[in-house]
**Student:** 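Dropping the structure in here first, questions after.
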Amino acid sequence: MDRTAMDRTHLIRQGKGRTAARWLLALAYFVAGVLHLAAPAPFLGIMPDGVPWPETIVAATGIAEILGAIGMVQPVSIRLRQAAAIGLALYAVCVFPANINHFVMDMARADHGLGLAYHLPRMVAQPVLVWLALWAGSVMDWPWRHRTG
């Protein structure tokens, strides 16, 4: 079977749930990317000390989110979709220190900032976002892998 036929077969097998997850994830990352570029102040405020060129990093992460979102929903290439999914998963891993820093900074405040009700789900959601990007982008099928004989 040639590459084009394999790509079409793979697209047919992925199901409505994966497609919906891919589009929702892409929308969330696209919006986040636009916010990183249009209103960077909140993102700069949670940047860990010592990160060089924070403005450039926030802008680059916004661009990465937008490009990853576009890559996830483009209909041309499954390989490009998988590359975008891997990129967004790596992005979620790379920004985790900023999320931890935000959590620590808020908990050190007298009023606890956004509080545990915000930060604890956010901490748990980060690995879920890594998995979701990889699953929705058809990089992996776990935990719904179909076993073969």
Side-chain angles (χ1 to χ4, degrees), residues 7 10-148:
D7 281 355
H10 186 77
L11 291 174
I12 291 167
R13 286 187 296 141
Q14 67 184 348
K16 292 179 184 175
R18 188 175 289 201
T19 299
R22 188 175 68 251
W23 278 91
L24 287 172
L25 190 64
L27 177 63
Y29 271 111
F30 189 85
V31 169
V34 169
L35 288 173
H36 273 80
L37 297 174
F43 305 103
L44 290 168
I46 66 169
M47 184 79 63
D49 291 336
V51 173
W53 313 295
E55 294 85 2
T56 303
I57 298 291
V58 169
T61 57
I63 292 167
E65 287 171 316
I66 292 168
L67 292 176
I70 292 168
M72 287 286 280
V73 297
Q74 57 75 34
V76 178
S77 168
I78 188 69
R79 295 247 187 238
L80 179 57
R81 180 179 303 150
Q82 290 171 330
I86 291 167
L88 289 176
L90 289 172
Y91 169 84
V93 170
C94 290
V95 300
F96 197 54
N99 295 342
I100 293 169
N101 188 57
H102 187 200
F103 181 25
V104 170
M105 287 177 11
D106 267 8
M107 292 301 103
R109 291 174 44 174
D111 66 354
H112 298 295
L114 296 172
L116 290 175
Y118 170 80
H119 288 290
L120 289 179
R122 186 176 184 195
M123 295 295 112
V124 172
Q126 206 72 15
V128 173
L129 286 174
V130 171
W131 167 80
L132 186 61
L134 297 173
W135 179 75
S138 301
V139 175
M140 65 177 201
D141 291 325
W142 181 86
W144 297 289
R145 179 181 345 203
H146 299 285
R147 299 197 188 277
T148 57

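Here the structure is a predicted model, which means the values were calculated and not measured.
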**Student:** Do Ile78 and Arg81 have side-chain heavy atoms sitting under 4.5 Å apart?
**Tutor:** yes
**Student:** Holding to side chain to side chain donor-acceptor pair (under 3.5 Å), I want the full list of residues that pass it with Gln126, two or more places apart in sequence or in another chain.
**Tutor:** Asn99
**Student:** Give every residue pair that meets the ring-ring contact (aromatic ring centres under 6.0 Å, His included) criterion with at least one member in residues 50-82, sequence neighbours excluded.
**Tutor:** none
**Student:** Between atom CG of Leu129 and atom OH of Tyr29, what is the distance when rounded to the nearest 0.5 Å?
**Tutor:** 5.0 Å
**Student:** I need the full list of salt bridge (charged side-chain N to carboxylate O under 4.0 Å, His left out) pairs touching residues 45-72, with sequence neighbours left out, sorted by first then second residue.
**Tutor:** none
**Student:** Any chance you could measure Ile100, atom CD1, to Arg122, atom CZ, to the nearest 0.5 Å?
**Tutor:** 10.5 Å
**Student:** Would you name the heavy atoms of Ala133 and Ala85 that are closest together and state the gap between them?
**Tutor:** O-CB, 3.2 Å
**Student:** Among all residues two or more places apart in sequence or in another chain, which pass the salt bridge (Lys or Arg N to Asp or Glu O under 4.0 Å) test with Asp111?
**Tutor:** Arg109
**Student:** Of all residues at least two apart in sequence or in a different chain, which pass the side chain to side chain contact (heavy atoms under 4.5 Å, CB included) check with Val73?
**Tutor:** Trp23, Ala26
**Student:** For Ala21 versus Leu132, what's the shortest heavy-atom pair and its separation?
**Tutor:** CB-CD1, 4.0 Å
**Student:** Tell me, please, which residues at least two apart from Leu116 pass side chain to side chain contact (heavy atoms under 4.5 Å, CB included).
**Tutor:** Phe103, Met107, Leu120
**Student:** Taking side chain to side chain contact (heavy atoms under 4.5 Å, CB included) as the test, write out the residues that go with Ala84, two or more places apart.
**Tutor:** Met72
**Student:** What pairs with Phe43 under ring-ring contact (aromatic ring centres under 6.0 Å, His included), at least two apart in sequence or on another chain?
**Tutor:** His36
**Student:** Going by side chain to side chain contact (heavy atoms under 4.5 Å, CB included), name the residues that satisfy it together with Ile57, two or more places apart in sequence or in a different chain.
**Tutor:** Met47, Val51, Thr61
**Student:** Is there side-chain contact between Arg22 and Trp135, with heavy atoms separated by less than 4.5 Å?
**Tutor:** no
**Student:** If you take all heavy atoms of Val139 and Ile86, which pair is closest and at what distance?
**Tutor:** CG2-CG1, 3.9 Å
**Student:** Where do Ile66 and Leu37 come nearest, in terms of heavy atoms and distance?
**Tutor:** CD1-CD1, 3.7 Å
**Student:** Taking all non-hydrogen atoms of both residues, which atom of Val58 and which atom of Pro40 are closest, and how far apart?
**Tutor:** CG1-CB, 3.8 Å
**Student:** Out of curiosity, Leu67 CG to Leu88 CG, how far, rounded to the nearest 0.5 Å?
**Tutor:** 9.5 Å
